[in-house]
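Scroll down for the structure; my scribbles are underneath it.
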Amino acid sequence: MPGFRRWGKSKFKKNPESSFKLLAAVLVITLYLLIKEFSNPTVRTSKAPAFGARIQYADWNGTDVADEEKAAKVRSAMKHTFWRYRENAWGYDDIKPVSGGNSTTRNGWGAFIVDSATTLALMGLWNELALSVEHMVAIDFTTAVDLVDPFETTIRYLGGLLSLVDLSDAGMIPENVVTVEARDMLLKQAVTLANSLAPAYDTPTGMPWPRVDFSLSEGVPDPPSIYIKHPEKPRFENPVIGPARIGSSILENRVLTRLTGNPVYARNSTLAWAPLVWNKWITPWEGMVDAPVDIVTGEPVGRQQHWDGGHDSYYEYLVKITLLAPPSDKYLGDYKKRFLDAAYSLRANLATRSASAPDHAMQHLFIGRQDAEWYLNRQGHLACFAPGTILLGSKFYDEPYLRTFALALLEGCHHTYTSTPSKIGPEAWSWIPKFGFEDPIYVPQTDRQKKEWKKNGFWSTDAHYKGRPEYVESVFYAWRITGDPRYRSWAWEAFSAMEKYCKAPYGYAQLADVFRPKATEWSDNEEKRWIDEQESFWAAETLKYLYLTFSDTDTASLDRWVFSTEGHLFRMIR
């Protein structure tokens with residue numbers, strides 16, 4: 001050791017010029033690394049930041065650990081879902097879970113593969129994820145089967161690609177599964193897709209066209225098939241869309257701008273929802289928008305206000321952009337005010353308690369719709385996203401009244417699940433409002449509806465279950481934000497029911513009737529209890545939220561990650 005010290009000392013003493021050369025080299029290398037760091041803000045890190053916001057419950061006292069047994073059950077369900085698809089429908093958008101057939105419903109790029117990849121990553125299913133990434137980097141996003149829906153494509157494909165890049169950059173995926181080269185190819189794919197979708201925003205208002213024709217590189221109206229499938233859909237002089245389609249691209253495009261440094265994506269998505277956020281039209285309630293909206297003039301052509309399907313994710317993205325965007329964003333105050341106004345308007349005007357029924361005295365809080373002067377006492381399963389989103393906003397904005405409201409809404413959604421023989425809630429239902437509506441629009445008509453209302457205090461207007469995630473999504477938020485173990489129990493009840501009644505030979509089928517889930521109840525053909533469809537959101541959202549409810553609470557923490565409306569998670573950069 002003395003010799004070492006003398007050697008080091010003598011070298012610098014004998015040749016001081018060498019020390020300056022070495023110092024200069026170190027400075028040059030350091031400067032190069034700094035330039036590289038700041039020119040590419042997506043360098044992998046071994047660990048995500050400690051927190052970006054204080055959202056999750058903090059006083060766990062040991063209850064935040066994973067429920068390994070239940071998490072493993074959900075993981076097994078995902079493996080069944082993935083491998084039956086892999087073996088029978090690989091490369092197609094969807095698998096038919098009963099027959100093993102396939103379908104192309106999302107332009108033929110393999111919607112299931114892209115949409116499910118982030119769930120595979122969170123579950124640590126690395127072999128499956130590697131297969132998915134191999135497919136994803138080879139997709140040609142410049143051509144498409146049929147016209148492209150910019151809304152569905154953004155939330156399923158673009159969101160899935162970008163989320164996988166964010167997970168990789170945060171060090172949550174092994175580098176041998178998503179290599180540096182694969183990560184860069186995924187981002188390149190996202191850029192290609194976003195550029196192909198760009199004609200959607202080429203309108204006088206910036207609101208997107210209903211469809212994009214990739215062969216012509218231009219936005220186009222709804223195809224005739226939409227009106228054949230939905231003959232009740234009104235026709236207008238110009239194309240019209242709902243708030244969800246207008247305002248549900250800002251998260252994905254803001255992330256793309258962050259990852260690429262190109263401001264055009266954030267600009268397009270901000271301009272798209274600007275007519276809603278800074279609404280110049282007189283509306284009856286603060287924060288709520290009238291719809292549908294003419295994409296050419298920006299004028300509402302209807303007077304519908306609600307948080308159900310077609311409107312839902314616009315309100316969801318108002319609060320989530322305030323979590324995702326950096327605090328320097330000058331519009332955060334506008335987004336926050338718009339969300340709070342809308343949430344309190346929902347609470348004051350559209351939420352109604354169900355009246356007691358002959359065999360069910362308890363009252364439940366549901367949210368209806370407004371159409372011009374008519375209050376429609378009907379709620380869809382899609383609207384069960386609202387409890388989770390409002391609870392998220394109540395915590396971030398410190399709004400205790402919204403917390404109470406959100407948990408009451410979640411109890412209402414929970415009641416629709418526990419009231420059916422399958423223990424799964426229906427696609428849509430109605431109730432008799434207790435106050436303010438002596439002559440409600442909807443009342444039970446058939447013997448079945450009267451029986452359901454008498455027993456449960458509501459009746460189904462659409463008894464399907466389509467594999468939807470919204471209820472378990474809100475249960476996940478409730479667990480992570482309140483720490484109340486009842487929500488884990490609710491999630492397990494829902495998953496157990498899905499496992500029992502939806503699991504089919506080639507995946508998880510939709511239910512034809514949540515009140516008749518058993519094969520023995522369909523004597524003419526027991527498979528009629530199933531609908532031979534499995535949407536990609538089953539893997540992207542439903543199984544993901546269930547798994548995260550039973551995982552360690554630090555996995556995809558709400559303090560560090562923001563979930564898109566399709567369940568894809570993006571890093572907070574705060």
Hey, what's the ring geometry for Y331 with W278, parallel, tilted or perpendicular (30° and 60° as the breaks)?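 Answer is perpendicular, since the angle exceeds 60°.
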Using the rule side-chain hydrogen bond (donor to acceptor under 3.5 Å, both in side chains), only one of W273, Y201, Y265 pairs with S249; which is it? Y201
Who pairs with T118 by side-chain hydrogen bond (donor to acceptor under 3.5 Å, both in side chains), at least two apart in sequence or on another chain?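 Expected list: K544, H568.
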Between [X] and [Y], does at least one N-O distance fall below 4.0 Å, as a salt bridge requires?
X: R258; Y: D166; result: yes
X: D559; Y: R54; result: no
X: K337; Y: D341; result: yes
X: E399; Y: R403; result: no

Kindly say whether E286 contributes a backbone atom to a donor-acceptor pair with the side chain of S345 at under 3.5 angstrom?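 Checked: pair present.
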Which pairs with one or both residues in residues 149-165 pass side chain to side chain donor-acceptor pair (under 3.5 Å), sequence neighbours excluded?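 Residue pairs passing side chain to side chain donor-acceptor pair (under 3.5 Å), neighbours aside: D93-Y157, D149-R245, E152-R156, R156-E535, R156-S536.
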May I ask you to check whether [X] and [Y] show a side-chain donor-acceptor distance below 3.5 Å?
X: H306; Y: D308; value: no
X: W209; Y: T203; value: no
X: E470; Y: Y545; value: no
X: E427; Y: H381; value: no
X: T352; Y: W431; value: yes
X: E316; Y: T565; value: yes
X: N349; Y: W285; value: yes

Would you mind telling me which of Q370, R303, E299 makes a side chain to side chain contact (heavy atoms under 4.5 Å, CB included) with D290? R303
Quick one: pull up CH2 in W90 and OG in S132 and give me the separation to the nearest 0.5 Å.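 Between W90 CH2 and S132 OG, I get 4.0 Å after rounding to 0.5 Å.
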